[in-house]
Each structure stands twice: as C-alpha cells, then as structure tokens.
Amino acid sequence: MASPTRLLAASLSALAAVVLLAGCTIGPGATAPQTTSDPSSGPGQPSDDSDDLEGALLDDGRMFAIVTWGSSTCIPQVDEVTAEGQTVTVTLVEPSSTDEDAAACTSDMAPRASVGALPEGVDPTAEVTLQVTYGDIVGDVDVDGDPAFSGTPGSSTEYTPSAAWYDDGALVLLTWGSSSCAPVVESLEGSGATGTATFATDDSKVCTMDMAPRATIVDFGEDQVDDDAFTLTLVGGGLDGTVDVRG
C-alpha cells in the first residue's frame, strides 16, 4: 500500500492536470479571455500585481497555498519544497513546456493558487515563512499559524474541504475530487460573517476517477465580508456543505 506521502504526491501531480483540462474559471458576467502565446504574460513581466505573492495554510495544517498573479490558464506548479525550522522554501514552475497546451496562455491577469504539502517537522500552529521563487520573482510570505490546527504535515489527509483568507475578502478554497472536473464558481453572495459560493454543475461531463486537490480562488471583494469569523456555504458541483474559513 502506498504511503500517505506518496498518495499526496500523486494527488499534487494530478493537480497539474486540472490546469490543462479545466481551463480558467470565469465568474458571472465575465468575458472569456483570448488565448495567446505572447511571452509577456509570463512571470516577472511588468504589471501592478504580477509580482505580488500571498499565502495561506490549508487542510488542517497539512498543506499550503501560494497565490500569484498571471494567466488563469497557466497556473504555476509546486516543484521543490524544503524546510528548515519554520522556513519553507518553495520553487514554482510553469506547466511543462513539452505539453502543447501549456504554451498557449490566456492574456488575462488573475490570482491563481498553487498548493503543496508542508514538509514534516513544520509546526502549522505557529507562524510559517514561505520563501518563494517563481521565475524572476523571489519573495517571502509570512503566514500566521492557527492553534486550532490538528493536522500534522506528512500525515494523511481526510479529504475534506478547507479554506483560508489570503487577502481582504479573498480566500483559497481547497476541495478534493476529479482532477479533470475542477470546481467552477457560478455565483457568490456574502456579507458579514457568512457567504455562499454556488458552483456550476455539469452532469454531462465525464470526469476522471482520481482524487486530487483542487484550489479555487473565491473573492467577495474588499470590505464586503468579515474576515475574522466567516462560514462559507458551498452549493452545487457536488460540494454541498459548509466550511469555516481560517485566518
């Protein structure tokens, strides 16, 4: 039987497939971006947000997410992760250039979440520093620990949804399921300490039978919701339930 670490590694490898198979998530009223192979959409190019790095801890302290800005169809993959104490060094890379689909990136500028497993020995209940290298972008992201975390890095996941704030009114939602059927946000409603994310349901789509982590950005907008204590209700897309947002 494969170890929990190998199972998680397989799941993270499957996450790369979701980038290529699922495409970008388009919110209500948004316009589908045009496809381009222009290298100006790559990491390190001039933009108000292109150099921004944000982070969050997920899966009860077992995993992390790094939020970058760029093409929504070319989500960076977590390549190498090492740790020394509470400092976690992470290298992000573009989707494999050997895949013909990876060369064509949409020209939009959107937040994307790349998820990886925290190395064994890191304490998620204390502050964690993510030292991130992504192309020409190098930066540190300090992420608050949560004393309520009961998961241990390196232990097996329970495959339950989790969420954490990475910015005012914006969170990363981690769900588990088919890598070829990533959640697509259809609508958002939120105020105060509660919000609802409704996901598109497509019963006609054939989904692979793997179990992979899928990271979805959910942005209610600055000052629209209470970041201190918030409950997110998930509706549709096979995700019905509630999630207490950390952070």
Side-chain angles (χ1 to χ4, degrees), residues 2-19 41-45 47 49-71 74-98 102 110-147 149-157 162-167 170-174 176 212-217 246-247:
S3 68
T5 299
R6 291 187 177 180
L7 287 174
L8 184 54
S11 294
L12 292 174
S13 297
L15 181 62
V18 74
V19 177
S41 62
Q45 298 301 322
S47 170
D49 299 305
S50 63
D51 290 350
D52 285 355
L53 295 170
E54 304 289 349
L57 300 183
L58 298 161
D59 197 29
D60 208 17
R62 299 179 184 89
M63 301 184 71
F64 64 85
I66 297 172
V67 179
T68 58
W69 284 78
S71 171
C74 290
I75 302 173
Q77 300 174 25
V78 173
D79 184 33
E80 296 182 359
V81 182
T82 59
E84 184 175 343
Q86 290 296 101
T87 299
V88 179
T89 302
V90 183
T91 302
L92 300 180
V93 296
E94 294 296 299
S96 174
S97 59
T98 59
R112 307 86 50 89
S114 307
V115 296
L118 279 177
E120 294 183 17
V122 177
D123 180 5
T125 67
E127 184 179 272
V128 175
T129 298
L130 302 173
Q131 291 187 339
V132 183
T133 299
Y134 172 38
D136 294 334
I137 302 173
V138 178
D140 291 356
V141 182
D142 294 326
V143 183
D144 291 336
D146 189 334
F149 280 144
S150 60
T152 302
S155 66
S156 180
T157 181
S162 59
W165 300 109
Y166 72 87
D167 203 357
L171 60 88
V172 180
L173 171 67
L174 176 68
W176 298 84
R214 296 93 53 92
T216 305
I217 296 292
R246 303 276 192 167

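Values below: all heavy atoms of this structure, side chains included; hydrogens, waters and symmetry mates excluded.
Remark: Val93 pairs with Gln77, Asp79, Thr91 by the side-chain contact (heavy atoms from CB on, under 4.5 Å) rule, at least two apart or across chains. Not a single side-chain hydrogen bond (donor to acceptor under 3.5 Å, both in side chains) links Thr82 to another residue, sequence neighbours left out. In terms of the side-chain contact (heavy atoms from CB on, under 4.5 Å) criterion, residue partners of Ala56 (sequence neighbours excluded) are, by chain and number, Ala164. Checked against side-chain contact (heavy atoms from CB on, under 4.5 Å), Val143 has the following partners two or more places apart in sequence or in another chain: Leu57, Leu130, Val141. Listed by chain and number, the residues in a salt bridge (Lys or Arg N to Asp or Glu O under 4.0 Å) with Arg246 are Asp60, Asp146 (sequence neighbours excluded). For Asp140, there are no side-chain hydrogen bond (donor to acceptor under 3.5 Å, both in side chains) partners two or more places apart in sequence or in a different chain. Under the rule for a side-chain contact (heavy atoms from CB on, under 4.5 Å), the partners of Thr133 that lie at least two apart in sequence or sit in another chain are Val138. Under the side-chain hydrogen bond (donor to acceptor under 3.5 Å, both in side chains) criterion, Thr125 pairs with Asp123, sequence neighbours left out.
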(message) Walk me through whether Val172 and Ile217 qualify under side chain to side chain contact (heavy atoms under 4.5 Å, CB included).
(response) CA-CA 5 Å; Val172 180; Ile217 296 292; 4.0 Å; yes
(request) Give the intermediate values and the outcome of side chain to side chain contact (heavy atoms under 4.5 Å, CB included) for residues Thr68 and Leu53. (result) CA-CA 5 Å; Thr68 58; Leu53 295 170; 3.6 Å; yes
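Here the OH atom belonging to Tyr134 is positioned 11.5 Å from the CD1 atom belonging to Ile66, to the nearest 0.5 angstrom. Once rounded to the nearest 0.5 Å, the distance linking CG of Leu174 with OG1 of Thr157 reads 7.5 Å. Atom CH2 of Trp165 and atom CD of Glu54 lie 13.5 Å apart (nearest 0.5 Å). Here the straight-line distance linking atom CG of Leu58 with atom CZ of Phe149 works out to 7.5 Å at 0.5 Å rounding.
Between Cys74 and Arg112, the shortest heavy-atom contact is O-NH1, 3.1 Å. Shown here for Gly151 and Pro124, the closest heavy-atom pair between the two residues is O-CG, 3.9 Å. When every heavy atom of Ser156 is checked against every heavy atom of Arg62, the shortest pair comes out as O-NE, 3.1 Å. Of all heavy-atom pairs between Ile75 and Ala113, the closest is CG2-O, 3.8 Å. When all heavy atoms are compared, the tightest approach of Ser114 to Pro76 is OG-O, 2.7 Å.
Within a 6.0 Å sphere centred on CD of Glu84, other residues, nucleotides and ligands contribute 12 heavy atoms or fewer.
Side chains of Leu92 and Val78 form a contact here, defined as non-hydrogen atoms less than 4.5 Å apart. Using a 4.5 Å cut-off on side-chain heavy atoms (C-beta onward), Val132 and Ile137 make no contact. At a threshold of 4.5 Å between non-hydrogen side-chain atoms, the residues Gln86 and Val122 count as touching. With a 4.5 Å cut-off on side-chain heavy atoms, Phe64 and Val128 do not count as touching.
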